[in-house]
Chemist: 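Here it is, the structure, as structure tokens.
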Number of protein chains: 2
Amino acid sequence: MRLIVARCSVDYAGRLSARLPSAVRLIMVKADGSVLVHADGGSYKPLNWMNAPNHVEEGEGRWTITNPKGETLVITLEEVLSDSSHDLGTDPGLDKDGVEADLQVLLADHPGEIEEGMTLLEREYATDIGPVDLLCRAADGQVVAVEIKRRGEIDGVEQLTRYLEFLNRDPLLAPVRGVLAAQAIKPQAKTLAADRGIGCVEVDYDALRGIESNVLRLF
Amino acid sequence: MRLIVARCSVDYAGRLSARLPSAVRLIMVKADGSVLVHADGGSYKPLNWMNAPNHVEEGEGRWTITNPKGETLVITLEEVLSDSSHDLGTDPGLDKDGVEADLQVLLADHPGEIEEGMTLLEREYATDIGPVDLLCRAADGQVVAVEIKRRGEIDGVEQLTRYLEFLNRDPLLAPVRGVLAAQAIKPQAKTLAADRGIGCVEVDYDALRGIESNVLRLF
DNA sequence: GTGTATATCTCGGGG
DNA sequence: CCCCGAGGTATACAC
């Protein structure tokens, strides 16, 4: 990784055009060729950047970075204040827990936590407009489409509504009803869901994980 | 801006849990307190981070960063290879061209590029649920709501559907039909749009800009 | 502050 | 390779 602190101006032309007037910034060049231009504020997003794979042409006070899509990033260096390189090696990467996929696995294993007596028909059930998180059968035999979100918001209700519209055209499945399952559901989403006859279930991730580990402990 | 290259491990606990095992990484501390942990690859997103505002507690080989929401980032420093600080000053910021707003201006000037014979009634036509990008009149006299996106996806169809539902309640406008205009429209969005009787138009931003500059050249 | 729409979104997975 | 959905999305803007 190469770190350069320099007064520079930057031009990007590609999906849009963007220009940075002259100022002192950090230019980070990663081992894979990614170039990031950071200011001393904002948050984690660079002001300008070019992801790998790309080609860096280092000219006299002017770097031209191009990628296979034909996008270009031109950095004009006016004054280099610092320039250092470091060998970092490859990173083992990030372990995450608590994302939607984890919640989906837990609920697929314990559909009864969504509704008493519910059983799983299929996970990631494919439709023409995308996969339904869980397709289940309720205690009364009706098919239920379950949309799982970490946070239940209007988007989730819209998404589930679209799936239901398509699922209900299949005479082998119809009538299908919907349930939005999330760790927390916003009032607006609850209102919209109720209006469309969609059920809402708030699930406790930590409690589910507890059930899961209890089950594992039995075997 | 402070730049530290160090062997470290990192733990984040907040909206989810994430852990980075020991490796050499760049730790960037910005003037506003933002902390970013970067590997020597991937692209612009840090492996882990904490945005400002936050509180950094710099202990013996262990930094604890907390934010007002109660999220924490703990960095355990095992070996510091480099530690430098630089004064960058404030950044003048980024100028952009080619975002959705620019496309909207161009199409408002040339509604005939959306449909032959179309004329503009109003830009950002206000409804109770938000502004319609363009309200137009088609060659046959019917009112048309145009939703403009840089990239046409399902969200855009949903948005336009909500507007149409509302516009069609106004007896002075009804019946209103909808058109999604974008530089590129994804197949799923086209399918959903067709299903709802919404038209799709793919527009060439560069060509539009060419028309615009030709028009300007005439005056 | 909440809610909504945009983003050079990024990132990862599946066909 | 594209397509799709999730994200600690972040960010700007309106109400």
Side-chain angles (χ1 to χ4, degrees), chain A residues 10-19 34 36-37 42-52 54 67-73 93-94 96-104 124 126-133 147-151 153-156 158-159 162-163 182 186-189 192, chain B residues 11-18 34 42-52 54 67 69-73 93-94 96-104 124 126 128-131 133 147-151 153-156 158-160 162-163 182-191:
Chain A
V10 186
D11 281 275
Y12 164 78
R15 281 164 283 185
L16 55 66
S17 304
R19 164 159 189 81
S34 311
L36 290 68
V37 180
S43 60
Y44 73 59
K45 194 176 176 180
L47 292 165
N48 234 325
W49 70 94
M50 180 74 77
N51 289 345
N54 60 25
N67 74 5
K69 281 181 249 173
E71 300 171 297
T72 60
L73 187 72
L94 190 66
K96 289 185 187 182
D97 177 42
V99 295
E100 186 195 302
D102 299 305
L103 188 55
Q104 192 187 114
E124 298 285 353
T127 74
D128 287 352
I129 51 164
V132 178
D133 286 339
E147 176 64 32
I148 299 168
K149 290 277 178 238
R150 212 161 48 79
R151 295 172 332 192
E153 299 179 19
I154 280 184
D155 282 4
E158 295 283 21
Q159 200 177 334
R162 288 198 300 274
Y163 292 147
K186 296 210 169 179
Q188 281 197 342
L192 185 64
Chain B
D11 282 273
Y12 163 78
R15 281 166 280 186
L16 55 64
S17 304
S34 311
S43 62
Y44 81 56
K45 198 175 176 182
L47 291 165
N48 235 325
W49 71 93
M50 181 73 80
N51 289 346
N54 59 28
N67 73 5
K69 283 183 250 172
E71 300 171 294
T72 60
L73 187 72
L94 190 65
K96 292 183 186 185
D97 174 44
V99 295
E100 186 196 306
D102 300 302
L103 187 57
Q104 192 186 116
E124 298 284 354
D128 288 352
I129 51 166
D133 287 338
E147 174 65 30
I148 299 169
K149 292 273 177 243
R150 211 164 50 79
R151 293 168 5 188
E153 299 180 19
I154 279 182
D155 284 2
E158 294 285 18
Q159 203 177 328
L160 183 50
R162 288 198 297 273
Y163 292 147
Q183 286 177 71
I185 302 179
K186 301 214 165 182
Q188 280 198 346
K190 283 185 186 173
T191 303

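The sequence lines fix the lettering, A, B, ..., with proteins before strands; numbering per chain opens at 1. In this text, all values refer to a predicted model and were calculated from it rather than measured experimentally.
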Chemist: What's the spacing between A:Lys96 NZ and B:Tyr12 OH if we round to 0.5 Å?
Modeler: 10.0 Å
Chemist: Determine the interatomic distance between P on C:dC11 and the same-named atom on D:dT11; round to the nearest Å.
Modeler: 15 Å
Chemist: Measure the CG-CG distance between A:Asn67 and A:Leu73 for me, rounded to the nearest 0.5 Å.
Modeler: 9.5 Å
Chemist: Could you list the protein-to-nucleotides 11-15 of chain D atom pairs, N/O on both sides, closer than 3.5 Å?
Modeler:
| unit_1 | atom_1 | unit_2 | atom_2 | d |
| --- | --- | --- | --- | --- |
| D:dT11 | OP1 | A:Ser43 | OG | 2.1 |
| D:dT11 | OP2 | A:Ser43 | OG | 3.1 |

Chemist: How far does the C1' atom of D:dA10 sit from the matching atom of D:dA6, given to the nearest Å?
Modeler: 14 Å
Chemist: In whole Å, I'd like the distance from the CG atom of B:Leu160 to the C1' atom of C:dA5.
Modeler: 14 Å
Chemist: Listing time: all N or O pairs from protein to nucleotides 2-5 of chain D that are below 3.5 Å?
Modeler:
| unit_1 | atom_1 | unit_2 | atom_2 | d |
| --- | --- | --- | --- | --- |
| D:dC4 | OP1 | B:Gln188 | N | 3.2 |
| D:dC4 | OP1 | B:Gln188 | NE2 | 3.4 |
| D:dC4 | O5' | B:Gln188 | OE1 | 3.3 |
| D:dG5 | OP1 | A:Ile129 | O | 3.3 |
| D:dG5 | OP1 | A:Tyr163 | OH | 3.4 |

Chemist: Atom CG of B:Asn48 and atom C1' of C:dC11: how far apart are they, to the nearest Å?
Modeler: 15 Å
Chemist: Check the distance between D:dG7's P and B:Glu71's CD and give it to me in whole angstrom.
Modeler: 14 Å
Chemist: Taking atom C1' in both D:dG7 and C:dA7, what distance in whole Å separates the two?
Modeler: 13 Å
Chemist: Between the side chain of A:Ser43 and the main-chain N/O of B:Ser34, is any donor-acceptor distance below 3.5 Å?
Modeler: no
Chemist: In whole angstrom, give the distance that lies between atom CH2 of B:Trp49 and atom C1' of D:dA10.
Modeler: 9 Å
Chemist: Atom CG of B:Asn67 to atom C1' of D:dA10: distance rounded to whole Å?
Modeler: 14 Å
Chemist: What's the CG-C1' distance between B:Leu94 and C:dT6, to the nearest Å?
Modeler: 15 Å
Chemist: Measure NZ/A:Lys96 against P/D:dG7 and give the value in whole Å, please.
Modeler: 8 Å
Chemist: Can you check the distance between C:dT8 and C:dT4, where both ends of the measurement are the P atom (answer in whole Å)?
Modeler: 22 Å
Chemist: Do the non-hydrogen side-chain atoms of A:Val10 and A:Leu47 ever get within less than 4.5 Å of each other?
Modeler: no
Chemist: Contact class for A:Met50 vs. all strands (heavy atom < 4.0 Å): base, sugar-phosphate, or nothing?
Modeler: nothing
Chemist: Answer with base, sugar-phosphate or nothing: what part of the nucleic acid does B:Asp155 contact at a heavy-atom distance below 4.0 Å?
Modeler: nothing
Chemist: In terms of the angle between their ring planes, are B:Trp49 and A:Tyr44 parallel, tilted or perpendicular, with boundaries placed at 30° and 60°?
Modeler: perpendicular
Chemist: How many angstroms lie between CG in A:Asn51 and CG in A:Leu36, if you round to the nearest 0.5 Å?
Modeler: 7.5 Å
Chemist: Take A:Ile148 and B:Lys69, find for each the nucleotide of DNA chain D with the closest heavy atom, and name the residue whose nucleotide sits nearer the 5' end.
Modeler: A:Ile148
Chemist: To the nearest angstrom, how far is A:Arg151 atom CZ from D:dA6 atom P?
Modeler: 12 Å
